[in-house]
Student: 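Have a look at this one.
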Amino acid sequence: MNLTERDLKVIWHPYTQMKTASPPIPIVRGEGAGLFDEQGKKYIDAVSSWWVNIHGHAHPYIAEKVSEQLHKLEHVIFAGFTHEGAVELAERLLAILPDNQQKAFYSDNGSTAIEVAIKMCLQYWLNKGNQRTKIMAFKNAYHGDTFGAMAVSGRSAFTKAFDSLLFEVEFIDLPDKDNIESLKSKISNLKSELACFIFEPLVQGSAGMIMYEAEYLNQLMTHCRQENVLMIDDEVFTGFGRTGKPFACNHVQIQPDIMCFSKGLTGGTMALGLTTCTQEIYDAFLSDDKLKTLFHGHSFTANPVAIASALASLDLFLLPATAANIDRIETSHQQFRTKIQNHAKIKEVRQIGTIIAMEWETGDNTSYFSSLRDKLYHYFLAEGVILRPLGNIIYILPPYCITNAELDYVYSKIEHALEEI
Ligand SMILES: *Cc1c(COP(=O)(O)O)cnc(C)c1O
């Protein structure tokens, strides 16, 4: 049996209808923006392997740091114990986050970072003797696949089987110049019950790279601050340069109370989640009453090997060459956008930083499950490009090390698809 056959005998893949999906492609090696299969065919990873990879695959510097760490300390329980890397990563990250971020809580992935953030907010109010239980979120939001994270995400095909078990959330529209005042009044009306507002800053990734303006997010956040509603900034996707600035909240003037990170945190090397918060939130859990403790933790909290990969990734992220690459991709995307935005088959092109999304004109068949999506996906794969359209939306978000030649190749395949499909 070859690897694909062995896989199909024993593996259940994520987000995959196993009855109809085409068999998975075995990948044996990665380098830069490239992934290579058993025959040596190269695939350009134009989606950064589900948005996690920022410095390229099998980066030698990260590999070296992870390997060193493995020979020193692979893991230690994080209750009652600590280790150098966990402290250093928190120190270095807090230093580049908005300056109200003072404490770091580690977990395993983006969804768990969100669970921790939600628990921090709910228990913050309880500990202050002023219970608030409502959470506000954007329609079409995506914050993860565990139950709490699912509950604060928009109701969709993804959540349908579980909708009746998800706690109620106050969903609001994305802010714009027409609705901003009504959104503000809504917040004012709900404020005594509102524990927090959770949002994806500027880009809703899973919803289809839906973008909204910093100016209106800023207004909404200003209002939440005035009304004393805690803000959870979900930077799981947008963190570490994706939007052209280190963090998407750097595009606004108001500092969130809580921030969540994962995806790019380790450069896409290992699973790691991080929730940071203000001193004010942290202090609300300090008490002689044990019931005020934040009772949350995972077996692998602050795993030293994952942390070593995050520290190495941060070293690379802070190099001037990385900022230059982010600018280069942004400029390149802008040029491509100008080139194709008037194409008859293109409804809209959206772009921020290293993310570009093209909405394909399909009449009414725009669902995530459209057949166009599958056709495009397979067309790009055959041409050696990994793009996973969200319904009729094609997006590119490459590792920052992608070369101009590779980017041009991806663009040319999209232009080709526009003509042929
Ligand atoms: C991917 C994602 C999550 C969930 O992260 P996982 O590591 O996949 O659990 C949460 N929020 C946003 C904005 C994401 O894009």
Side-chain angles (χ1 to χ4, degrees), residues 13-16 45 47-54 105-121 135-156 158-159 162 166 169 171 174 196-212 217 231-243 246-249 251 256 258-276 296 298 300-303 306-307 309-310 313 350 352-355 357 368 388 390 393 395-398:
H13 287 268
Y15 276 102
T16 303
D45 188 358
V47 297
S48 296
S49 280
W50 252 345
W51 320 350
V52 301
N53 190 297
I54 58 178
F105 193 106
Y106 291 109
S107 63
D108 295 350
N109 56 62
S111 302
T112 56
I114 298 292
E115 298 288 341
V116 170
I118 294 171
K119 285 188 177 179
M120 278 180 179
C121 287
I135 296 176
M136 187 170 82
F138 284 134
K139 285 178 188 157
N140 300 316
Y142 179 77
H143 297 290
D145 284 351
T146 52
F147 265 81
M150 231 188 339
V152 295
S153 300
R155 302 294 176 264
S156 71
F158 296 173
T159 63
F162 319 106
L166 301 178
V169 167
F171 288 108
L174 291 178
C196 61
F197 167 43
I198 182 168
F199 57 91
E200 294 158 277
L202 306 186
V203 197
Q204 291 189 301
S206 295
M209 302 298 153
I210 307 291
M211 300 180 191
Y212 63 101
L217 177 60
M231 291 171 263
I232 303 175
D233 174 19
D234 178 355
E235 298 258 2
V236 169
F237 166 49
T238 50
F240 302 97
R242 272 291 160 217
T243 65
F247 303 99
C249 73
H251 293 270
I258 294 183
M259 298 178 76
C260 300
F261 307 92
S262 184
K263 297 204 164 108
L265 176 59
T266 64
T269 305
M270 314 257 318
L272 182 67
L274 173 66
T275 308
T276 63
H296 190 102
H298 297 278
F300 285 101
T301 299
N303 174 259
I307 298 245
S309 65
S313 178
R350 303 184 276 272
I352 183 169
T354 65
I355 310 165
Y368 178 83
R388 283 179 60 95
L390 293 155
I393 295 155
Y395 65 90
I396 314 174
L397 53 101

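Please read these numbers as outputs of a predicted model, since none were measured by experiment. Indexing begins at 1, ligand by ligand and atom by atom, following the structure's order.
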Student: Near W51, which atoms of ligand 1 are under 4.0 Å from a heavy atom of that residue?
Tutor: 15 (O)

Student: Above 12 or not: heavy atoms from other molecules or residues under 6.0 Å from CZ of F300?
Tutor: no

Student: For atom 8 (O) of ligand 1, decide whether some protein heavy-atom distance is shorter than 4.0 Å.
Tutor: no

Student: If you measure every N/O of S111 against every N/O of ligand 1, is any gap under 3.5 Å?
Tutor: yes

Student: Which of the numbered atoms in ligand 1 are under 4.0 angstrom from any heavy atom belonging to G110?
Tutor: 4 (C), 5 (O), 6 (P), 7 (O), 9 (O)

Student: Tell me if the aromatic rings of F138 and F197 count as close, with their centers under 6.0 Å from one another.
Tutor: yes

Student: Relative to the heavy atoms of G144, which atoms of ligand 1 are at a distance of less than 4.0 Å?
Tutor: 4 (C), 10 (C)

Student: As a check for students: among E235, Q204, H143, identify the option with a heavy atom nearest to atom 10 (C) of ligand 1.
Tutor: H143

Student: Does a donor on one side chain sit under 3.5 Å from an acceptor on the other, for N53 and S49?
Tutor: no

Student: What pairs with D233 under side-chain hydrogen bond (donor to acceptor under 3.5 Å, both in side chains), at least two apart in sequence or on another chain?
Tutor: none

Student: When you check the side-chain N and O atoms of S107 and T112, is any donor under 3.5 Å from an acceptor?
Tutor: yes

Student: Quick check on the 6.0 Å ring-centre criterion: do Y142 and F237 meet it?
Tutor: no

Student: Just which atoms of ligand 1 are under 4.0 Å from any heavy atom in E200?
Tutor: 13 (C)

Student: Just by modelled atom types, is the G353 backbone N or O under 3.5 Å from a matching donor or acceptor in the T243 side chain?
Tutor: no

Student: Is the shortest N/O to N/O distance between D234 and ligand 1 below 3.5 Å?
Tutor: yes

Student: Among protein heavy atoms, which lies nearest atom 15 (O) of ligand 1, and at what distance?
Tutor: K263 NZ, 2.7 Å

